[in-house]
2 protein chains.
Amino acid sequence: MKEITQTLRENGLKVTPQRIAIYNMLLETHAHPTAETIYKTLSPQHPAMSLATIYKTLDFFKQVGLVQELNVGESSSRYDAMVTPHPHLICTHCGKVEDLMIDELSHLHQKLPQDIGFDITFEQLLFYGICHSCKEKEA
Amino acid sequence: MKEITQTLRENGLKVTPQRIAIYNMLLETHAHPTAETIYKTLSPQHPAMSLATIYKTLDFFKQVGLVQELNVGESSSRYDAMVTPHPHLICTHCGKVEDLMIDELSHLHQKLPQDIGFDITFEQLLFYGICHSCKEKEA
DNA sequence: TATTAAATAACAATAATTATTGATTGAGGA
DNA sequence: TCCTCAATCAATAATTATTGTTATTTAATA
C-alpha cells in the first residue's frame, strides 16, 4: 500500500481509491486480467467506476512502470503487476496465462549480436501450447 | 507460385486471383504489413477487392500455415510469410518490424524444464527498442 | 459448357479502446 | 479553516479493427 501511494506521488499522480483498488487487485492475482475483467471484479466494491477509468489508470501505471501490458494475440490486452522481465506461458485452449520465472530466458537481449542496429529496451518471450488440465480433459 | 496453388488445393481451398495476389505481396515484402496495408497496396491492381476478403484470406492462410500472425502490441495484427520460427525486432519509435534470423534464439522451448505442465506448440520472441535510423534522427 | 460448392464484395454489426465533456475533488495559499 | 483553480473523475460519444451476413460471382470438375 505504501509503495503505490509513494510511487504515484513521486510521479505527480493523485492517489485515488480507484487507483489503489486497481493496483491492489493486480498485486493479488496471477491471472493477468484484462481491463474488462478488472472492471467486473471491482464493480461490487466500486459500482460507480467506469471502464474508461480502468483504461486510463492502467495507461498511467504503464507509463510509471507499475504494471506491464501483455499482448498474447487476443483481442484485448492483459496486465501484470510483476514488472521484472519474464517469459509467459499461454494455453491456446483455455486462454490461461502463466508467469515463468526462469533467469536463463529472462535476459535474452544480452545474447543478441552487437550489429543488429537496435537499442533494445524491452523483451517479451511467449510460449503457446496446451496446459496440463486442458490436455487431461481432452484425453 | 506453384507452392501456393498446391498448398491451397491440398487443403481443399480454391485458387483465386485475390489469394495469389495477397500471398505474393507477403512473399515480396519484409515489412510485416497489416491487413489495412495489404489492402492499400493491392488496391491499384485489384480495385474491387474488399478488406473483409483480406481478413478472411489471411485467416485461411494462417490455418493452413502459409503465414504467421504477429502481434507486437499495436492496435492491429501484422502478417509474415516467413513461417519458420524466428524472433522479431520492433522499433518503438517508427513501428518498423524486422526479422531476426538467429538459430540460438529460435528454438527456446527446447530449453524449458520438463515439469512446466505445458505442451508447447509455438513460441514468439519480441525485442523492443529504437532502431538505428530513428536514433540518428533524435541525436 | 453446365453444375455446384466455395469465394467474393458490399454492407452491417460488434467489440475494444480512446476522446470529450461537464462535474467533482483536493492541494496550497489567504 | 476557507477559497480557488487545476487536475482527475465518470459518463457518454466516437473511433477503429475486425467479423458476420447475404446476394452475386467464380473456380473446379464432369
Measure [atom1]/[X] against [atom2]/[N] and give the value in whole Å, please.
| X | N | atom1 | atom2 | value |
| --- | --- | --- | --- | --- |
| Lys62(B) | dT19(D) | NZ | P | 7 Å |
| His46(B) | dT25(D) | NE2 | P | 19 Å |
| Lys14(A) | dA6(D) | NZ | C1' | 7 Å |
| Tyr39(B) | dA17(D) | OH | P | 13 Å |
| Gln63(B) | dA7(C) | CD | P | 11 Å |
| Phe60(A) | dT8(D) | CZ | C1' | 8 Å |
| Ile54(A) | dT8(D) | CD1 | P | 17 Å |
| Glu69(B) | dT19(D) | CD | P | 8 Å |

Examine distances only and state if a side-chain atom of [X] and a backbone atom of [Y] form a donor-acceptor pair shorter than 3.5 Å.
| X | Y | result |
| --- | --- | --- |
| Thr41(A) | Thr37(A) | yes |
| Thr29(A) | Met25(A) | no |
| Ser77(B) | Asn71(B) | no |
| His107(B) | Leu105(B) | no |
| His32(B) | Val97(B) | yes |
| Thr92(A) | Gly129(A) | yes |

Kindly point out which of [options] is positioned nearest to the side chain of [X]?
| X | options | result |
| --- | --- | --- |
| Leu51(B) | dT17(C), dA10(C), dT18(D) | dT18(D) |
| Ala52(A) | dT8(D), dA9(C), dA19(C) | dA19(C) |
| Ser50(A) | dA10(D), dA9(C), dA7(C) | dA10(D) |

Point to revise | pair Leu8(A)-Phe61(A): side-chain heavy atoms closer than 4.5 Å | key: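 With C-beta onward as the side chain, the pair touches.
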
With sugar-phosphate meaning primed atoms plus P, OP1 and OP2, does [X] contact a base, only sugar-phosphate, or nothing at under 4.0 Å between heavy atoms?
| X | result |
| --- | --- |
| Ser75(B) | sugar-phosphate |
| Thr34(B) | nothing |
| Pro47(A) | nothing |
| Ala35(A) | nothing |
| Glu36(A) | nothing |
| Arg19(A) | sugar-phosphate |
| Ser77(B) | sugar-phosphate |

Does [X] make a side-chain N or O approach to OP1 or OP2 of [N] shorter than 4.0 Å?
| X | N | result |
| --- | --- | --- |
| Gln18(B) | dA9(C) | yes |
| Thr16(B) | dA7(C) | no |
| Thr57(B) | dA7(C) | no |
| Tyr55(A) | dT18(C) | no |

Practice item. Given salt bridge (Lys or Arg N to Asp or Glu O under 4.0 Å), test Lys62(B) with Asp59(B) step by step and report yes or no. Key: CA-CA 5 Å; Lys62(B) 207 172 49 172; Asp59(B) 200 48; 3.7 Å; yes

Exercise for review: Using only heavy-atom distances, decide whether a donor-acceptor pair under 3.5 angstrom links the side-chain of Lys56(A) to the base of dT20(C).
Suggested key: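 In this structure, the two groups form a donor-acceptor pair.
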
Review point. For the helix from dT1(C)-dA30(D) to dA30(C)-dT1(D), what angle lies between the axis at the first five pairs and the axis at the last five pairs, to 10 degrees?
Key: 30°

**Study point:** DNA chain D: 5'-proximal contact among Ala48(A) and Leu13(A) (nearest heavy atom)
**Key:**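 In this pair, the answer is Leu13(A).
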
Check your understanding: Given Val72(A) and His88(A), is the side chain to side chain contact (heavy atoms under 4.5 Å, CB included) satisfied, shown in steps?
Key -> CA-CA 9 Å; Val72(A) 301; His88(A) 289 94; 5.6 Å; no

